[in-house]
Chemist: 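Sharing a structure, written as structure tokens. Questions coming.
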2 protein chains.
Amino acid sequence: MASIRDVAKQAGVGVGTVSRALNGTGYVSTDTKKKIEKAARKLGYTPNELARNLYRNRTGIVGVMVPDLDHPFFSCLAKHIEMELYRQGYKTMICNTIGISDREKDYLDMLDRNMVDGIITGAHSLDGEEYLKRKKPIVSIDREFGPGIPLIGSDHAMGGRMAAELLVKNGCRKVLQVSGVAPGVAAQERHSVFKQVMQEQGVELLDMVMDWNVFDWNAHYEGMEKFLGRHPDIDGVFGGDMAAIACMNAVLQKGIRVPEEVKIIGFDGMDVTRMVYPRLTAVRQNVQLLAELCVNTLLDLVEERKGVPHRQILDVEMQFGGTTL
Amino acid sequence: MASIRDVAKQAGVGVGTVSRALNGTGYVSTDTKKKIEKAARKLGYTPNELARNLYRNRTGIVGVMVPDLDHPFFSCLAKHIEMELYRQGYKTMICNTIGISDREKDYLDMLDRNMVDGIITGAHSLDGEEYLKRKKPIVSIDREFGPGIPLIGSDHAMGGRMAAELLVKNGCRKVLQVSGVAPGVAAQERHSVFKQVMQEQGVELLDMVMDWNVFDWNAHYEGMEKFLGRHPDIDGVFGGDMAAIACMNAVLQKGIRVPEEVKIIGFDGMDVTRMVYPRLTAVRQNVQLLAELCVNTLLDLVEERKGVPHRQILDVEMQFGGTTL
DNA sequence: CTGTTAGCGCGTTCAG
DNA sequence: CTGAACGCGCTAACAG
């Protein structure tokens with residue numbers, strides 16, 4: 001609890017000198033500097049960051065909003081964001097919106113209260129207007145808000161096309177697509193492109209739409225079981241990693257063979273795709289790069305650097321597993 | 001950027017009155033209160049939390065340290081901690097230590113700088129002394145630091161015993177145990193108890209020790225493959241969820257049947273155990289309750305309530321899957 | 001080179 | 001019931 005005043009008194013100098021000495025800003029004679037450092041050590045002085053924050057009107061904290069931290073994609077994303085922020089001297093405040101727009105708003109409010117210097121958002125339940133009216137830096141993952149809010153994302157259209165083409169090449173004729181992302185979010189594109197390719201190729205396409213803010217495993221699995229009951233003859237599936245895996249299990253449970261009778265492709269390509277047997281073929285997002293771009297773009301805004309790109313789209317790649325031929 | 005001063009001027013009153021009116025503290029006539037609220041709305045006033053923080057010497061932020069946010073157990077834990085903290089009006093600062101003690105120390109320092117009101121730690125690479133010398137609230141998961149730092153954890157000993165007994169009941173005679181947690185951490189107990197039961201029952205036990213701060217999937221899988229090459233005749237496995245699953249895949253890859261030839265039991269019982277086929281039998285920790293206890297215990301400390309228990313151990317339960325009989 | 005002083009924005013006495 | 005004044009701890013500007 002020792003303050004800069006105590007250190008000054010102890011060292012027999014003024015507070016200004018202490019500040020300059022300890023921060024290495026401005027001139028201080030080597031002599032008094034030594035004295036000050038000794039006094040600081042003796043008192044166990046640690047600067048109170050709250051006072052600094054007030055003065056600078058900055059906290060060095062960045063908010064990260066995700067719909068569900070316990071989802072492989074978002075936990076991986078959050079991890080890499082935190083690591084990159086740490087590397088650049090920032091701290092990470094995390095926020096699980098679990099699809100509740102009030103939470104999203106609550107956290108956005110922290111921008112106005114100066115609690116965070118900026119926000120990276122991967123949660124999209126709240127109206128875009130709420131975002132646009134904020135004055136501090138925001139970057140968005142996979143959702144276009146409008147001017148002033150840079151977008152970083154993967155090339156979902158490319159991913160949808162790659163998946164569709166691979167299933168077609170595998171000879172699928174009746175395919176299920178599980179979609180479950182928020183409307184207006186780039187991730188939706190993979191499904192429209194997928195559908196388009198399937199139509200062009202004359203492949204029958206069934207759609208299963210999951211409540212997009214439920215990343216609940218059971219919901220996926222049970223939905224899948226019911227679906228298989230009605231359509232036992234599908235021969236291809238495309239959906240997010242979790243949906244794809246849920247589907248695979250439901251299929252295996254019925255004694256149907258993968259990939260011989262049904263081919264499956266996931267989207268995201270997280271670690272979990274390598275934990276199932278056979279390994280899930282999936283379109284892989286480069287999450288680490290995504291995280292780094294988010295952080296760097298946000299910090300460009302925070303530190304007022306110029307020429308920040310409004311739109312950055314990353315390539316995806318096909319990660320071959322054992323669920324396709 | 002409107003400050004309380006602006007509001008006061010706009011409403012034609014003093015700043016003190018504005019403060020009392022908006023915070024509902026002290027007497028303010030209904031009349032002037034209305035005026036103030038109107039002025040505040042008109043100017044879009046939002047209190048600057050940094051000033052408040054400085055005054056109160058509190059931020060309402062709790063730090064959460066985990067070794068790896070992209071690990072099913074820790075992402076689940078972090079999620080539930082965040083949710084409970086939010087419910088109680090606190091925010092969550094997250095920190096990935098990835099086994100680097102300097103990071104752990106950096107984040108601990110935030111306590112002294114008053115950036116966080118308390119810390120919940122599930123990361124244990126740093127010396128216990130560093131923890132004990134802090135003056136602000138800390139609670140620990142699965143590690144005993146000493147007086148002043150409450151411990152919350154699952155009953156690992158019980159879990160180890162349950163797993164061992166189930167494998168014995170399943171007729172296993174040569175069992176592999178994959179251990180990989182930090183020394184001095186309660187999680188270690190499950191392995192010692194497991195070993196003890198196996199010895200009592202005269203079952204042959206092999207040990208594979210993984211670098212405990214590597215939660216890397218590939219490391220687990222490759223280690224497992226090598227191990228199986230040397231010991232193809234094991235008939236039972238016990239390890240963390242990830243290790244158990246890595247093992248299962250390596251086993252299946254060799255054409256060995258699960259559970260007929262090898263029984264497998266995991267520890268943690270996260271969602272991922274239900275995504276593999278067959279589902280992994282696992283000792284399940286009650287992560288949500290664990291999270292809630294951590295938060296409530298920490299906040300008891302932060303808000304200076306009395307009678308905070310030093311040690312809270314939660315029961316675990318066996319979650320039966322298809323990898324045991 | 002150094003000490004003093006004025007804010008940063010808010011919450012709270014303490015006279016009126 | 002209300003306004004003015006002070007302090008939270010620190011930094012930067014300004015005299016000395």
Side-chain angles (χ1 to χ4, degrees), chain A residues 1-40 43-61 109-117 135-136, chain B residues 1-40 43-61 109-117 135-136:
Chain A
M1 294 301 266
S3 88
I4 197 171
R5 266 192 170 71
D6 303 320
V7 178
K9 202 175 298 172
Q10 173 77 26
V13 300
V15 289
T17 316
V18 175
S19 175
R20 271 167 305 182
L22 264 32
N23 293 313
T25 159
Y27 298 98
V28 177
S29 80
T30 329
D31 227 37
T32 56
K33 190 167 176 180
K34 289 247 186 277
K35 262 200 310 195
I36 289 170
E37 279 165 356
K38 208 178 101 188
L43 291 152
Y45 170 70
T46 315
N48 184 342
E49 205 153 344
L50 301 184
R52 263 189 191 157
N53 288 345
L54 174 58
Y55 182 83
R56 300 201 222 269
N57 199 35
R58 292 269 225 94
T59 58
I61 300 175
D109 282 341
M110 285 202 286
L111 283 173
D112 300 332
R113 293 208 215 89
N114 298 308
M115 277 298 288
V116 293
D117 295 343
K135 288 171 182 162
K136 290 201 163 191
Chain B
M1 294 300 266
S3 90
I4 197 170
R5 264 193 172 69
D6 303 318
V7 178
K9 203 175 296 172
Q10 173 77 26
V13 299
V15 290
T17 315
V18 175
S19 174
R20 270 167 305 178
L22 264 34
N23 293 312
T25 160
Y27 299 98
V28 178
S29 79
T30 329
D31 226 38
T32 55
K33 189 166 177 179
K34 290 248 185 277
K35 263 199 311 195
I36 291 170
E37 279 164 356
K38 208 178 99 188
L43 293 155
Y45 170 70
T46 314
N48 183 343
E49 205 152 346
L50 301 184
R52 266 189 186 156
N53 287 347
L54 175 57
Y55 182 83
R56 301 201 220 269
N57 199 33
R58 291 266 224 98
T59 58
I61 300 175
D109 282 341
M110 285 201 287
L111 283 172
D112 300 333
R113 294 207 213 90
N114 298 308
M115 277 298 289
V116 294
D117 295 342
K135 286 170 184 164
K136 289 202 166 191

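Below, read A as the first sequence line, B as the second, and so on, with proteins coming before strands; counting in each chain starts at 1. Note: hydrogens, waters and symmetry copies are ignored here, and every other heavy atom, side chains too, is used.
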Chemist: Counting any heavy atom closer than 4.0 Å, what does B:N23 reach on the DNA or RNA strands: base, sugar-phosphate only, or nothing?
Modeler: sugar-phosphate
Chemist: Are OP1 or OP2 of D:dG3 and a side-chain N or O of B:T17 less than 4.0 angstrom apart?
Modeler: yes
Chemist: Does A:Y27 or A:R5 map to a spot on DNA chain C nearer the 5' end, using the closest nucleotide for each?
Modeler: A:Y27
Chemist: Between P on C:dC10 and CZ on B:R56, what's the gap in Å once rounded to a whole number?
Modeler: 12 Å
Chemist: Take atom NZ of A:K33 and atom C1' of C:dT2, then tell me their distance rounded to the nearest Å.
Modeler: 15 Å
Chemist: From C:dT2, D:dT2, D:dT11, pick the nucleotide closest to the side chain of A:R52?
Modeler: D:dT11
Chemist: B:N48 has a side chain; which of C:dC10, D:dT2, D:dG9 sits nearest to it?
Modeler: C:dC10
Chemist: Given D:dT2, C:dT2, C:dC10, identify the nucleotide with an atom nearest to the side chain of A:R20.
Modeler: C:dT2
Chemist: In whole Å, what is the span from the CG atom of B:D6 to the P atom of C:dC10?
Modeler: 9 Å
Chemist: Nearest-Å distance, CG (B:D112) to P (D:dG9)?
Modeler: 15 Å
Chemist: State, with a plain yes or no, whether a side-chain heavy atom of A:I36 is found less than 4.5 Å away from one of A:V13.
Modeler: yes
Chemist: Which one of B:V28, B:I4, B:V7 satisfies the side chain to side chain contact (heavy atoms under 4.5 Å, CB included) criterion with B:S19?
Modeler: B:I4
Chemist: Go through C:dG9, D:dT2, D:dC10 for me and flag the one nearest to the A:Y55 side chain.
Modeler: D:dC10
Chemist: Write down the distance between CG (A:N53) and P (D:dC10), rounded to a whole number of angstrom.
Modeler: 12 Å
Chemist: Under 4.0 angstrom, heavy atoms only, what part of the nucleic acid is B:S3 near: base, sugar-phosphate, or nothing?
Modeler: sugar-phosphate
Chemist: In whole angstrom, give the distance that lies between atom CG of A:L50 and atom P of C:dC10.
Modeler: 15 Å
Chemist: Measuring from the side chain of B:S29 (C-beta onward, heavy atoms only), which nucleotide among D:dG3, D:dT2, D:dC10 has the closest atom?
Modeler: D:dT2
Chemist: Write down the distance between NZ (A:K9) and C1' (C:dT4), rounded to a whole number of angstrom.
Modeler: 15 Å
Chemist: Please say which of A:D112, A:D117, A:N114 ends up in a side chain to side chain donor-acceptor pair (under 3.5 Å) with A:K136.
Modeler: A:N114
Chemist: Take atom CZ in B:R58; do more than 12 heavy atoms of anything else shown fall under 6.0 Å from it?
Modeler: yes
Chemist: Rounded to the Å, how far apart are A:N57 CG and D:dA12 P?
Modeler: 14 Å
Chemist: Quick check: does any side chain N or O of A:T59 sit under 3.5 Å from a backbone N or O of A:M115, one acting as donor and the other as acceptor?
Modeler: yes
Chemist: Quick check on C:dT2: is either OP1 or OP2 less than 4.0 Å from any side-chain nitrogen or oxygen of A:T32?
Modeler: yes
